[in-house]
Amino acid sequence: MKRLFLTLVLAAGFFAIASAQTSLVGRVYYHPNIIADEMKNMQNEIDSKVKEAIREEIEKAEKKKGRPLTAEEKAQTKKEAEEASKRAILVMKSTKTSVTATFKSDKEMEMQMKFQMDDETLKNAGVSWAKRKAIKATIALLPSTEKMKYTVQGNLIICSDGKDKDTLTLSDDGKYLYGKMDEKTKFKLTRTK
C-alpha cells in the first residue's frame, strides 16, 4: 500500500513538473482580423439605431418647420439616414487589424498588429481622396510591433511593456490565446507554429 501511494505521489510530481515546464518559446499565435466580430456587432447596433435616428430626425424637422412632415419629406429623411448608415458600415468594413503574438524566449514576447485599409471600399463609401490619404498617414504612424516581458502562471500569461500590464489566457490544449483589446473587444489568436 505504501509503495502504491509513493508511486502515485511520484507520478503526480513528475506530471506537475512536466506541465510546468511547457515552453512557449517559438510559438506563434495569429488572427487575420480581430475586429471582424466586433464589426458585426457594431453593424447590428447601427441597424437598430437607424430607426431611432430616423424618428428623431423627423421630429427635429417637424419642430423646425412647425408642422408634420409630408409622406415625401419623411421618405427623404429616411433615405438620407439609411445612406449615412450604409456609408458608416462601409467605412468600418474597410479596415482590418491582424495580430500576431510570437514568444521569442522564455521571458520575452512580441505582439505585432498590422492595420490595413481598403482604399476602394472607402472610395465607394464617399470618403474623399484627401481624407483617405489622411487615414493612411494615421495608420502608418500607429505602432505595429511591441516587445514585452511575460511570466506564466498556470494558463495565464502576464505581459508588460514596462508601463502597462496585460493578461492573456492560453487554452488548455495550447492551440488558442485569448485576450482583450478593451472591455468590449475580445480576441482569440490561433497557434500557427
Side-chain angles (χ1 to χ4, degrees), residues 28-101 111-146 148 159 161 163-171 175-192:
V28 177
Y29 292 84
Y30 173 77
H31 194 290
N33 189 8
I34 62 170
I35 57 175
D37 292 335
E38 190 62 27
M39 293 294 184
K40 289 177 189 173
N41 294 337
M42 289 173 74
Q43 183 174 348
N44 292 337
E45 277 183 44
I46 289 172
D47 290 342
S48 68
K49 290 182 179 182
V50 166
K51 292 176 185 173
E52 185 180 326
I54 291 170
R55 184 186 54 76
E56 289 174 3
E57 287 300 314
I58 290 172
E59 285 177 5
K60 284 180 190 176
E62 288 177 340
K63 188 175 181 180
K64 185 177 180 181
K65 292 185 178 200
R67 64 171 174 79
L69 295 180
T70 64
E72 188 177 299
E73 290 171 324
K74 285 182 182 179
Q76 181 63 27
T77 301
K78 181 179 178 182
K79 181 181 174 185
E80 289 170 3
E82 288 173 345
E83 286 175 1
S85 166
K86 286 178 185 175
R87 282 192 302 274
I89 290 168
L90 277 174
V91 168
M92 286 189 315
K93 287 182 176 181
S94 73
T95 58
K96 291 182 179 181
T97 305
S98 65
V99 175
T100 305
M111 290 291 282
Q112 182 178 30
M113 294 182 84
K114 185 175 180 185
F115 301 95
Q116 296 174 325
M117 180 192 81
D118 182 7
D119 193 57
E120 194 62 33
T121 303
L122 284 177
K123 189 176 181 180
N124 292 337
V127 177
S128 71
W129 175 85
K131 287 183 182 177
R132 292 193 316 267
K133 289 294 179 189
I135 292 169
K136 284 182 182 178
T138 302
I139 288 174
L141 294 174
L142 293 172
S144 62
T145 302
E146 187 172 14
M148 298 187 274
C159 323
D161 63 358
K163 299 174 192 170
D164 298 318
K165 284 189 176 183
D166 199 5
T167 302
L168 302 171
T169 305
L170 187 64
S171 65
K175 291 182 181 179
Y176 304 104
L177 193 59
Y178 301 93
K180 289 183 183 180
M181 285 189 70
D182 55 44
E183 287 303 315
K184 288 184 178 181
T185 312
K186 297 177 182 179
F187 61 85
K188 175 175 123 177
L189 308 178
T190 303
R191 185 175 177 187
T192 60

Does a donor on one side chain sit under 3.5 Å from an acceptor on the other, for Glu80 and Gln76?
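Yes, Gln76 and Glu80 have a side-chain donor paired with an acceptor closer than 3.5 Å.
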
Say you draw a straight line from [atom1] of [X] to [atom2] of [Y]; how long is it, rounded to the nearest 0.5 Å?
X: Thr77; Y: Glu57; atom1: OG1; atom2: CD; result: 7.5 Å
X: Lys136; Y: Leu122; atom1: NZ; atom2: CG; result: 9.0 Å
X: Thr97; Y: Gln116; atom1: OG1; atom2: CD; result: 8.5 Å
X: Lys123; Y: Ser128; atom1: NZ; atom2: OG; result: 12.0 Å
X: Asp166; Y: Lys180; atom1: CG; atom2: NZ; result: 10.0 Å
X: Lys114; Y: Ser144; atom1: NZ; atom2: OG; result: 9.5 Å

Heavy-atom check, side chain of [X] versus side chain of [Y], under 4.5 Å:
X: Phe187; Y: Leu168; value: yes
X: Glu146; Y: Met113; value: no
X: His31; Y: Thr100; value: no
X: Thr95; Y: Asp118; value: no
X: Lys175; Y: Thr190; value: no
X: Asp119; Y: Met117; value: yes
X: Leu177; Y: Tyr30; value: no
X: Leu189; Y: Tyr176; value: no

Would Glu82 and Lys79 count as a salt bridge (Lys or Arg N to Asp or Glu O under 4.0 Å) if you check the C-alpha gap in whole Å, the side-chain angles of each, and the deciding distance to 0.1 Å?
CA-CA 5 Å; Glu82 288 173 345; Lys79 181 181 174 185; over 6 Å; no

Would you sort out whether Phe115 and Ile135 count as a side-chain contact (heavy atoms from CB on, under 4.5 Å), showing the intermediate values?
CA-CA 11 Å; Phe115 301 95; Ile135 292 169; over 6 Å; no

Heavy-atom closest pair, residues Pro32 and Ser98:
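The pair with the smallest heavy-atom distance is O-CB, 3.2 Å.
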
Which pair of heavy atoms, one from Ile58 and one from Lys74, lies closest together, and at what distance?
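Nearest heavy atoms, Ile58 then Lys74: CD1-CG, 4.0 Å.
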
Donor-acceptor contact present, side-chain [X] to main-chain [Y], <3.5 Å:
X: Glu62; Y: Leu69; result: yes
X: Asp161; Y: Met148; result: no
X: Arg132; Y: Val127; result: yes

Are Arg55 and Glu59 close enough for a salt bridge, meaning some N to O gap below 4.0 Å?
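Yes.
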
What residue among Lys64, Arg67, Lys78 forms salt bridge (charged side-chain N to carboxylate O under 4.0 Å, His left out) with Glu73?
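For Glu73, the salt bridge (charged side-chain N to carboxylate O under 4.0 Å, His left out) check succeeds only for Arg67.
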
